[in-house]
Protein chains: 2
Amino acid sequence: MVTIKDIARAANVSYSTVSKALNDSPLVKPETKTTILNKAKQLGYTPNFAAKHLVTKRTNTVGLVWPEINRVALTELARHVNKMMADEGKNILLSISDPTEAIALFSRMRSDAILLFEEDIPQNQLPAQLDMPLLSYGVPGINQFPTVGVQHEYAMELAVSTLVESGYSSIGYVGMVDGIGRRQLAKQTGYLDALKKRGLKPILIDTKGLNSIDGFTALSALLAKSPLPESLICSSYDIAVGTVRAIRQAGLTIPEDVALVSYDNIPQQAEADVPLTAVGVPVEKLAKSLVQELLRLIAGEEGLVRELVPELVVRASSHISKQ
Amino acid sequence: MVTIKDIARAANVSYSTVSKALNDSPLVKPETKTTILNKAKQLGYTPNFAAKHLVTKRTNTVGLVWPEINRVALTELARHVNKMMADEGKNILLSISDPTEAIALFSRMRSDAILLFEEDIPQNQLPAQLDMPLLSYGVPGINQFPTVGVQHEYAMELAVSTLVESGYSSIGYVGMVDGIGRRQLAKQTGYLDALKKRGLKPILIDTKGLNSIDGFTALSALLAKSPLPESLICSSYDIAVGTVRAIRQAGLTIPEDVALVSYDNIPQQAEADVPLTAVGVPVEKLAKSLVQELLRLIAGEEGLVRELVPELVVRASSHISKQ
DNA sequence: CTGAAAGCGCTTACAG
DNA sequence: CTGAAAGCGCTTACAG
């Protein structure tokens with residue numbers, strides 16, 4: 001591989017001058033700079049990350065630990081974070097290995113920071129001393145590192161409240177009910193609390209899975225044996241997609257026959273078969289918050305636990321058109 | 001961060017001895033080794049990848065370029081490759097950036113090799129000179145780097161042939177028909193050729209997408225207006241999942257009312273609602289082949305273009321139980 | 001068996 | 001503006 005020494009030789013300067021030119025230092029004469037840059041391109045020079053890192057102590061790399069790589073909303077979030085970090089000159093590198101191994105890897109690589117999409121890593125599964133900031137996206141409480149989370153309970157309160165204001169008192173919840181994963185559990189709890197507070201009867205529809213097809217299957221089964229509630233809250237975008245299909249399949253109309261509010265504030269909700277009313281922290285805000293926290297942590301500032309406030313976006317699916 | 005010099009100081013030896021001990025060199029006395037290893041653990045030492053790489057010229061890292069991160073079968077493949085490379089002491093690092101950027105990143109990082117899951121990168125979008133082996137998983141032909149591919153056409157021949165042998169002459173194809181992506185196109189071509197060869201009439205059912213829900217929607221729409229073909233070939237596991245649901249939803253039985261063969265040879269096929277007959281290169285074989293090629297390339301051997309031979313696994317979905 | 005020395009490819013004070 | 005020197009954290013011949 002070509003190094004700055006090769007360029008130096010080709011351009012007839014010292015390699016420290018090459019280094020400065022490559023880093024666009026004002027200390028080098030414009031003409032020299034041009035010559036050097038040309039030679040570099042001509043030789044097909046690619047800077048050596050490792051060597052640079054060794055002296056600068058920065059890798060400009062953030063490790064993302066995400067063994068699952070699934071869910072539309074999480075993928076969307078990863079995409080935004082990747083893009084926004086790139087704009088800051090930081091590269092996201094993803095590992096799908098077990099969290100413990102992935103963290104060890106990023107530690108050896110001296111990533112500037114680690115971002116955890118895996119929510120359920122107890123403190124004791126972490127290396128005893130990790131000289132590296134770590135940020136978790138998830139539900140605070142299970143461990144004590146900095147976390148960006150979402151007020152899932154409040155999101156459900158918003159969802160229930162908009163339906164109640166529209167006159168609904170029969171409100172079902174479509175989601176994975178057996179509480180695998182703290183995020184799912186928090187949503188469900190929020191729903192139950194919001195109904196209880198209003199003296200309404202909860203109707204839990206268990207999807208037994210998190211894919212759109214699971215939402216579809218649960219709703220189809222329900223439709224086959226009993227009428228639907230007047231309105232439904234879907235626990236995620238994926239679930240909502242399946243739910244909508246099942247409802248339309250049965251010849252029912254949204255929102256006329258059943259109103260629907262979906263979790264996950266992502267643009268895809270607007271492009272569903274029926275534009276979906278959604279609650280959740282807008283994915284751009286979530287990504288921005290993660291990126292800001294990451295940058296703060298990298299800058300050596302104190303880690304925080306933050307919970308972001310969900311927002312409600314009303315679209316056709318929860319709004320009954322008067323005719 | 002603690003370095004080998006810190007350990008040397010703590011263990012009262014030179015840091016070159018520490019280096020040897022850490023690498024389990026036979027040149028260092030067992031007792032000294034033990035002392036050093038203990039001190040290292042005690043101090044929470046993590047080796048610095050960059051420094052090591054700088055001298056050894058190896059990063060033991062393979063970059064995976066996969067902007068999409070979707071599809072069950074691809075995720076399954078990534079998981080297998082990740083695991084098998086880990087067993088070889090190599091770490092897979094995934095980038096979801098644009099392929100060009102991702103490749104540039106892995107180039108600066110001096111990955112030992114790059115694996116492309118993105119199939120459609122023309123040669124001219126690559127850096128002029130990439131001093132690094134690159135392996136593509138996909139359809140050979142669009143570029144000229146080493147490729148591991150699948151004989152999609154033969155897979156479809158297998159699928160059609162097993163159905164024909166079971167007595168079917170009405171065989172539909174469920175998939176994304178407008179040819180986005182060369183993998184999809186190859187499957188479709190294989191199907192059309194296999195039918196043509198037998199003088200059978202092709203029936204293309206366009207899913208207009210690659211998610212399970214797209215398969216479901218396409219089948220539902222079809223069921224609503226006309227009877228199904230006697231048998232169907234689904235272009236992927238995701239599509240098959242949706243297809244099966246739609247068929248059962250309509251009160252039909254597999255394989256009695258419609259026989260089904262699915263693409264993608266992954267264990268998940270056996271666990272579908274109906275165990276699915278599947279064609280494709282078994283995912284472990286595919287992963288093994290990718291890993292072997294990668295290791296060969298890393299060892300400096302010549303790059304090849306290989307196409308693997310799909311296999312047929314017969315399960316209940318294509319087998320009519322005589323009663 | 002142990003240690004001193006050179007060097008991997010860079011950046012960055014420091015002289016000139 | 002340019003270059004020589006030191007040093008980042010390691011490995012690996014080479015002496016002892």
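Proteins get letters first, then strands, A, B, ... in listed order; numbering begins at 1 in each. As the structure is a computational prediction, the values presented were derived from the model and not from experiment.
With dT2(C), dC1(D), dC8(C) as the candidates, the nucleotide lying closest to the side chain of Leu54(B) is dC8(C). When distances are taken from the side chain of Asn48(A) to each of dC1(C), dC10(D), dG9(C), the shortest belongs to dG9(C).
Identified under the side chain to side chain donor-acceptor pair (under 3.5 Å) test for residues 35-48 of chain A, with sequence neighbours left out: none.
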Under 4.0 Å protein heavy-atom contact, by nucleotide of nucleotides 11-16 of chain C - B base, S sugar-phosphate only
BBB---
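Rounded to whole Å, the distance from CG on Asn12(B) to C1' on dG3(C) is 13 Å. Between the CG atom of Asp24(A) and the C1' atom of dC1(D) there is a distance of 15 Å, given to the nearest Å. Rounded to whole Å, the distance from CD1 on Ile36(A) to C1' on dC1(D) is 11 Å. When the P atom of dG9(D) is taken as reference, atom CZ of Arg108(A) falls 18 Å away, rounded to whole Å. Atom pair His53(A):NE2 and dC10(C):C1' shows a separation of 12 Å (rounding to whole Å applied). Summarising the geometry, the separation between NZ on Lys29(A) and C1' on dC1(D) is reported as 7 Å, rounded to the nearest angstrom. If you take NZ of Lys5(A) and C1' of dC8(C), they are 9 Å apart, rounded to a whole angstrom.
Two residues are said to be in side-chain contact when any heavy atoms from C-beta on lie closer than 4.5 Å; Phe117(B) and Ile69(B) fail this criterion. Contact annotation: the side chain of Leu37(A) approaches that of Leu22(A) to within less than 4.5 Å [non-hydrogen atoms, C-beta and beyond]. Taking the side chain as every heavy atom from C-beta outward, Val283(A) and Pro267(A) approach each other to under 4.5 Å. Val81(B) places none of its side-chain heavy atoms less than 4.5 Å from the side chain of Leu64(B). Here the side chains of Leu286(B) and Leu308(B) are in contact, with some heavy-atom distance below 4.5 Å. Residues Phe49(A) and Thr59(B) fail the side-chain proximity criterion, which asks for heavy atoms closer than 4.5 Å.
No donor-acceptor pair under 3.5 Å is formed between the side chain of Ser107(B) and the backbone N or O of Ile103(B). Checking side-chain atoms of Ser25(A) against main-chain N and O of Leu27(A) turns up a donor-acceptor pair under 3.5 Å.
With the 3.5 Å cutoff on both pairing distances, Watson-Crick and G-U pairs in DNA chain C assemble into runs of at least 3 at C:1-3 with D:14-16, C:5-12 with D:5-12, C:14-16 with D:1-3.
Heavy-atom nearest nucleotides on DNA chain C were determined for Lys57(B) and for Ser14(B), and the one closer to the 5' end corresponds to Ser14(B).
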